[in-house]
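Written below as structure tokens is the structure these notes are about.
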Amino acid sequence: KVLDELGFTNQQILITFLQQGVNSIAGLKRVGEDRVSLGKIALATRLSVKDVRRLQRGIHEWCKKNEQVLISAQLGIDALCEVFFSLRFSGDQDQRPNAKMLKEVLDGRSIGGFLCAAGLGESFGEQIRKALFFCNVLVAFVVDSYGEDSGTKFTTYYELDYAFQNGRRIVPLRLSQDWPPKCNNCTNGQALTAQVFSPSTVYFDCREAFDVHKVADKIEAVVQEERCRE
């Protein structure tokens, strides 16, 4: 459909994309950013240099115009994950940079992770539910406000409660001053984190520094244990 919109209706072009493993919007975006892949497609379909540039430009412009569709497609792929990253996005305790680094390292080790973009929970609730269902491990970035029940559907409170109730392995990364965290004095959040993160809970201490490779080693070991149980 996207190729049709861009004016590339030749059946051979579609077949070649499929042969190159491009069967999704996210895959099309990756090809548009990879000159080697575009070159292979051009050779197989005998596209001119001018048409290749038009195709690349068209993919880039389509993705920019349909950013929400692209995000949804990528989250749909990521939802079939082994690891769910649960974190707060607000204020000085924003853990997105650490979570993104960790996801990249684990991706490089063939461990799929799900990380939803900030503010998109309500829009992509279906993908979040799917990711929580399929994951074996929930990695909790436990800051002081982690687990706060703010009343919305998709929060760390919701994520932690689901993982705990459904027997997922929970790997706490401690970044909070108190243990368990006080959740901004939220009663529901405090009750949940006190139950899940008991004093005897083994956590990975990241208060002094976030060593992404050491954290990845810990998570990889847990993932391997879960794979052996399946």
Side-chain angles (χ1 to χ4, degrees), residues 21-31 33 63 67-89 94-143 146-147 152-175 192 196-197 202-204 206 210-230:
V22 181
N23 55 11
S24 67
I25 295 172
L28 187 64
K29 179 177 183 292
R30 284 193 295 271
V31 167
E33 297 170 345
C63 290
E67 185 178 7
Q68 293 291 92
V69 176
L70 185 64
I71 293 173
S72 178
Q74 185 59 55
L75 288 179
I77 295 170
D78 288 349
L80 301 174
C81 63
E82 290 184 279
V83 177
F84 185 100
F85 300 103
S86 177
L87 60 148
R88 301 273 297 181
F89 293 114
D94 188 345
Q95 290 299 308
R96 278 175 293 178
N98 287 334
K100 288 177 181 177
M101 285 193 301
L102 182 58
K103 184 179 186 305
E104 288 177 4
V105 173
L106 291 174
D107 282 345
R109 303 184 185 189
S110 299
I111 298 173
F114 181 88
L115 173 60
C116 190
L120 298 180
E122 296 296 333
S123 300
F124 299 118
E126 180 181 343
Q127 289 92 333
I128 292 173
R129 281 190 292 268
K130 186 187 293 184
L132 283 169
F133 177 78
F134 281 105
C135 76
N136 294 322
V137 178
L138 180 137
V139 177
F141 289 75
V142 187
V143 295
Y146 184 86
T152 58
K153 292 180 181 178
F154 300 102
T155 61
T156 52
Y157 175 85
Y158 165 84
E159 293 162 0
L160 183 64
D161 185 54
Y162 180 93
F164 182 68
Q165 296 291 344
N166 290 277
R168 303 295 187 266
R169 284 285 295 275
I170 298 172
V171 179
L173 307 180
R174 182 178 176 181
L175 298 132
L192 176 63
V196 179
F197 304 135
V202 178
Y203 55 77
F204 198 91
C206 299
F210 190 90
D211 188 323
V212 66
H213 294 288
K214 288 185 178 179
V215 173
D217 289 343
K218 169 66 176 177
I219 295 169
E220 183 176 12
V222 173
V223 169
Q224 294 295 349
E225 289 175 7
E226 291 303 304
R227 285 176 178 174
C228 291
R229 293 180 182 180
E230 293 179 347

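The backbone N or O of Arg227 lies less than 3.5 Å from no partner atom in the side chain of Arg229, so there is not a single donor-acceptor pair. A donor-acceptor pair under 3.5 Å links the side-chain atoms of Asn166 to the main chain of Tyr162, judged by distance alone. The backbone N or O of Ala140 lies less than 3.5 Å from no partner atom in the side chain of Ser86, so there is not a single donor-acceptor pair.
Interatomic distance, CD1 of Ile170 versus CZ of Arg168, reported as 10.0 Å (0.5 Å rounding). Between Gln165 atom CD and Leu192 atom CG the span is 8.0 Å, to the nearest 0.5 Å. Rounded to the nearest 0.5 angstrom, Leu115 CG and Leu106 CG are separated by 11.5 Å. A distance of 11.5 Å separates CD in Glu220 from CD in Glu225, rounded to the nearest 0.5 Å. A distance of 11.5 Å separates CZ of Phe89 from OG1 of Thr155, quoted to the nearest 0.5 Å. In this structure, CD on Glu159 lies 7.5 Å from CG on Leu87, to the nearest 0.5 angstrom.
By the 30° and 60° cut-offs, the orientation of the rings of Phe141 relative to Phe85 is tilted. Aromatic ring orientation, Phe84 versus Phe114: parallel (interplanar angle below 30°, classes split at 30° and 60°).
Proximity of Gln95 to Val143: side-chain heavy atoms (C-beta onward) are separated by under 4.5 Å at one or more points. Looking at heavy atoms from C-beta onward, Arg129 lies in side-chain contact with Tyr158 at the 4.5 angstrom threshold. The side-chain heavy atoms of Glu226 and Val223, taken from C-beta on, include no pair separated by under 4.5 Å. Considering only heavy atoms from C-beta on, Leu175 stays 4.5 Å or farther from Val142 through its side chain. When side chains are defined from C-beta on, Val105 counts as touching His213, because their heavy atoms get closer than 4.5 Å. Ile219 has its side chain within reach of Leu102: a pair of non-hydrogen atoms, C-beta onward, lies under 4.5 Å apart. Residues Val215 and Phe210 meet the side-chain proximity criterion, which asks for heavy atoms closer than 4.5 Å. Considering only heavy atoms from C-beta on, Phe197 comes within 4.5 Å of Leu160 through its side chain.
Considering every non-hydrogen atom in both Gly112 and Cys81, the closest pair reads O-CB, 3.6 Å. When all heavy atoms of Gly113 and Asp107 are compared, the pair lying nearest together is N-OD1, 4.0 Å.
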Under the side chain to side chain contact (heavy atoms under 4.5 Å, CB included) rule, what do Leu138 and Leu132 come out as? Steps first, then yes or no, please. CA-CA 8 Å; Leu138 180 137; Leu132 283 169; 4.1 Å; yes
Walk me through it: do Asn98 and Val212 pass the test side chain to side chain contact (heavy atoms under 4.5 Å, CB included)? CA-CA 7 Å; Asn98 287 334; Val212 66; over 6 Å; no
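A salt bridge links Arg109 with Asp217: the distance from a Lys NZ or Arg NE/NH1/NH2 to an Asp or Glu carboxylate oxygen falls below 4.0 Å.
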